[in-house]
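Fair warning: this is a prediction, and the values are worked out from it, not measured in the lab.
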Amino acid sequence: MFLIALSPILWLAVALCVLHMQPHKACLLALLLSAVVGIGLYDMTTIHAFQAFLEGVALACWPILLVIIAAIFTYNLSEYTKGMEGIKKMLTSVSNDRRVLILLIGWGFGGFMEGMAGFGTAIAIPASMLVGIGVNPILAASVCLVANSVPTAYGSIGIPLVTLGNVTGTDATTLATYTCLQLAPLTILCPFIMTLVAGGSLKALKGMTIICLGAALGFLIPELAVAVSMGPELAVVAGSIGSMAAIVACAKLFPVNDPAYAMPAHEDEEPLTAGDAIKAWLPFILIFVFLLATSKLIPAIHDPLNLIKSSVLIYDGEGGAPYTFTWVATPGVLIFLAAFIGGSKQGASFGEMLNVLKTTIVNLRFTIVTIISVIATAKVMGYAGMTHEIAEAAVAATGTAYPCIAAFIGSIGTFITGSATSSCVLFGKLQTEAAQAIGATPAAQAWIAAANATGACAGKMISIQSIAIAVAAIQVQGADGKLLSFAAKVYAPFIIIMGLIVYFGQSVVG
C-alpha cells in the first residue's frame, strides 16, 4: 500500500526525469492517477474526490496563481518600459570587480527577483545580466544557481510558505521564522561560496571577507526581522534590499582592486538621474510599500473561504460597515495595482499594459495548468488517506530520526517539480503527519513542517527546471550536465547540514 499511495509521486519522478514529459501533462496524469487510486483502493467516493479537486483549484487560483501572474507581469512590464535597463545600469556601476558584481547581481538582485517574481526569473535575469557585462556564461549560471537556493522558500511574495501554511494548518509567520532560522547558516555561507566559485580558489576570498560577510548579514538580519514580525511575504525582499545596500556600502568603504578579477572595460554611459532611478524602481517600491502598509491593517487573507468571510466580519470597531478595502488589500491585487501605477509613470498606456498582461498569462498557461494539477493532486491524496500512508511508512523506516530526512523529502519535491510551492503542496501534510506520529510537540511539528520549505531551497539548485532556465539564460547548448554536476556538489553538503539543523533544532523549539 505504501508504493500504491506513493504512485502519483513516483509517476511524476519517472515522467519528468526519465521520460522528460512536459510538466503540465505529467501533473494532469498524476491528478488522474491519484483520483483512480483514491476511489479504487482507498474507499474515496467520487463526490469526495471531486470536492478535493475543487478545493485544490480554489487554493491554486487564490492566492497562488494570482500572486505569480501579478509578480511576473510586474517584471515583464518593467522590461517593456525599459525600467529594467535602468536597474541594470545602476547595479553594474558599483564596482569593476567580478566578485563584487556577482554578489550584487547574483545574490542581492537575484534574491530581490525571487522575492518579487520567482519561477526562474531569479536565475534567468541575473545570469543574463552577468553574461552581458562579460562574466563567463557557465560561471554566471553556476553562481546564480547557488544564489537562488536560500531565497526560494519566500519566492513570489512568500507563496511557498503561505501555501505550506494552508496545507498544514500552521501559522505562516511561524513557518517563515523557523525557515529563516534553519537556513541561517547557509545564508551566511552562500556569498562566500559564490566568491570561491567566482575566483576558482580560496585566493578569491582575499579582500572580499568583509563584503561577503556584509552581503550575508545584510540579507539575514532584515529577512529574519520581517519574517518574525510580518510573515513570509516581504522577508526575502527586505533581505535582498538590505544585502544590496550592504554590498554597495562595503564596496565603497573597502574597495577591492585586484586586476585578476577586473571586468572588461565598457564604453562610458551617462549615469541615471535620481528621478530616472526612482522611476525605474517605482513598481517594486510600490509593491513593498503597499504590502508593508496593509500587513497589519487586516488579517492575512490566504484562503478563498476566509476571504469571503472577511468581507463581512471585519468592522471599523464602532459597529459601522465592513472595511471596503478588504478585497483589495491582498498580495496579488496590490502587486497588480503597483504594476499598473508604476507602468503608467514609466510611460506605458493602459492598452499596452493590458497587452503585456495578456502575453504574460499566455506564456504562463502551462505553468497555470501544472500548479492547479499538482495542488489538486495533493488535496486528493490527502483526503483519500494516501499522504497519511506515506507518512506512516516514513516514520516506520526512520523512527524518531525522521526529522533528519524531512528537508531531504522537501528537496525531492522541488527536484521533481522545479517549484518550492509544489513541493510544499505535495509533502507539507506528510511532514506534519510524520511529526505527529513520532510524538513531536506542536512547536516541533511546525519546525518539521518548515523543514519542507528549507529542503525545497536545496532542491531548487538541482531541479531540472532550474538547470534548463540557466542554460536558456546563458545560451550555451549542452551545458546542462556540467551545471547539474556542479549544483549536485553544493546540494549534497547543504542537505546534510539542513538535516542536522532540523534534527537538533526540534528539541530547542519544542
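- What you find for Thr377 and Leu31 is that their closest heavy atoms are OG1-CA, 3.1 Å.
- When every heavy atom of Ile4 is checked against every heavy atom of Ser7, the shortest pair comes out as O-OG, 2.6 Å.
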Go through Leu101 and Val135 one step at a time and tell me if the side-chain contact (heavy atoms from CB on, under 4.5 Å) criterion holds. CA-CA 9 Å; Leu101 291 177; Val135 175; over 6 Å; no
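- Phe112 and Phe284 have perpendicular rings, their planes meeting at more than 60° on a 0 to 90° scale where under 30° would count as parallel.
- A donor-acceptor pair under 3.5 Å is absent between the side-chain atoms of Thr398 and the main chain of Ala401, judged by distance alone.
- Leu164 is not listed as a side-chain neighbour of Pro232, based on a closest heavy-atom distance of 4.5 Å or more.
- Between Leu189 and Leu186, the closest side-chain pair of non-hydrogen atoms falls below 4.5 Å.
- You'll find the side chain of Leu104 stays beyond 4.5 Å of the side chain of Ser95, heavy atoms only.
- Contact annotation: the side chain of Val197 approaches that of Ile193 to within less than 4.5 Å [non-hydrogen atoms, C-beta and beyond].
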Start with the C-alpha distance between Ile247 and Met244, add both sets of side-chain angles, then the distance that settles side-chain contact (heavy atoms from CB on, under 4.5 Å), and finish with yes or no. CA-CA 5 Å; Ile247 293 169; Met244 285 189 283; 5.6 Å; no
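- Put simply, the side chain of Ser240 never gets that close to the backbone of Phe109: no donor and acceptor are under 3.5 Å apart.
- With a 4.5 Å cut-off on side-chain heavy atoms, Gln182 and Trp447 count as touching.
- Here the shortest heavy-atom pairing between Gly106 and Met194 reads C-CE, 4.1 Å.
- With values rounded to the nearest 0.5 angstrom, Ile335 atom CD1 is found 8.0 Å from Leu66 atom CG.
- Listed for the Thr454 side chain is a donor-acceptor partner under 3.5 Å among the backbone atoms of Ala450.
- Looking only at side-chain heavy atoms (C-beta outward), Ile501 and Pro185 come within less than 4.5 Å of each other.
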For residues 425-435, run the donor-acceptor check on the side chains, cut-off 3.5 Å, and write out each pair with its distance to 0.1 Å, sequence neighbours left out.
unit_1 : atom_1 : unit_2 : atom_2 : d
Gln431 : OE1    : Tyr402 : OH     : 2.6
Gln431 : NE2    : Ala406 : O      : 2.9
Gln431 : NE2    : Asn452 : OD1    : 2.9
Thr432 : OG1    : Lys429 : O      : 2.9
Glu433 : OE1    : His388 : N      : 3.2
Glu433 : OE1    : His388 : ND1    : 3.1

Is there a side-chain contact (heavy atoms from CB on, under 4.5 Å) between Leu103 and Cys212 once you walk through the steps? CA-CA 8 Å; Leu103 287 181; Cys212 288; 4.0 Å; yes
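- Residue Met381 holds its CE atom at 7.0 Å from CG of Leu6, rounded to the nearest 0.5 Å.
- Side-chain contact between Phe408 and Ser411: present, with at least one pair of heavy atoms (C-beta onward) separated by less than 4.5 Å.
- No more than 12 heavy atoms of other residues, nucleotides or ligands shown are found within 6.0 angstrom of OH on Tyr383.
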Ile102 and Trp107: CA distance, side-chain angles, deciding distance, side-chain contact (heavy atoms from CB on, under 4.5 Å) verdict: CA-CA 7 Å; Ile102 281 175; Trp107 176 247; over 6 Å; no
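- Summarising the geometry, atom CD1 belonging to Ile69 is positioned 11.5 Å from atom CG belonging to Asn76; distances are rounded to the nearest 0.5 Å.
- Atom CG of Asn136 and atom CG of Leu130 lie 11.0 Å apart (nearest 0.5 Å).
- Under a 3.5 Å cut-off, the side chain of Trp11 and the backbone N or O of Leu29 do not form any donor-acceptor pair.
- Shortest non-hydrogen contact noted between Ala458 and Ile495 is CB-CD1, 4.0 Å.
- Between Ala407 and Met498, the shortest heavy-atom contact is CB-CB, 3.9 Å.
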Residues 139-155 side chain polar contacts: donor-acceptor under 3.5 Å, at least two apart:
unit_1 : atom_1 : unit_2 : atom_2 : d
Ser142 : OG     : Ile138 : O      : 2.7
Asn148 : ND2    : Glu114 : OE1    : 2.8
Ser149 : OG     : Val146 : O      : 2.6
Thr152 : OG1    : Asn148 : O      : 2.5
Thr152 : OG1    : Ser149 : O      : 3.2
Tyr154 : OH     : Ala176 : O      : 2.6
Tyr154 : OH     : Cys180 : N      : 3.1

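- Considering all non-hydrogen atoms of both residues, Lys206 and Arg99 come closest at O-NH1, 3.1 Å.
- Side-chain atoms of Leu32 and Leu28, non-hydrogen and from C-beta on, never get closer than 4.5 Å to each other.
- The structure places CE of Met84 at 7.5 Å from CH2 of Trp281, a figure rounded to the nearest 0.5 Å.
- Residue Thr177 holds its OG1 atom at 8.0 Å from CG of Asp171, rounded to the nearest 0.5 Å.
- With hydrogens and angles disregarded, no donor-acceptor distance shorter than 3.5 Å links the side chain of Thr195 to the backbone of Leu205.
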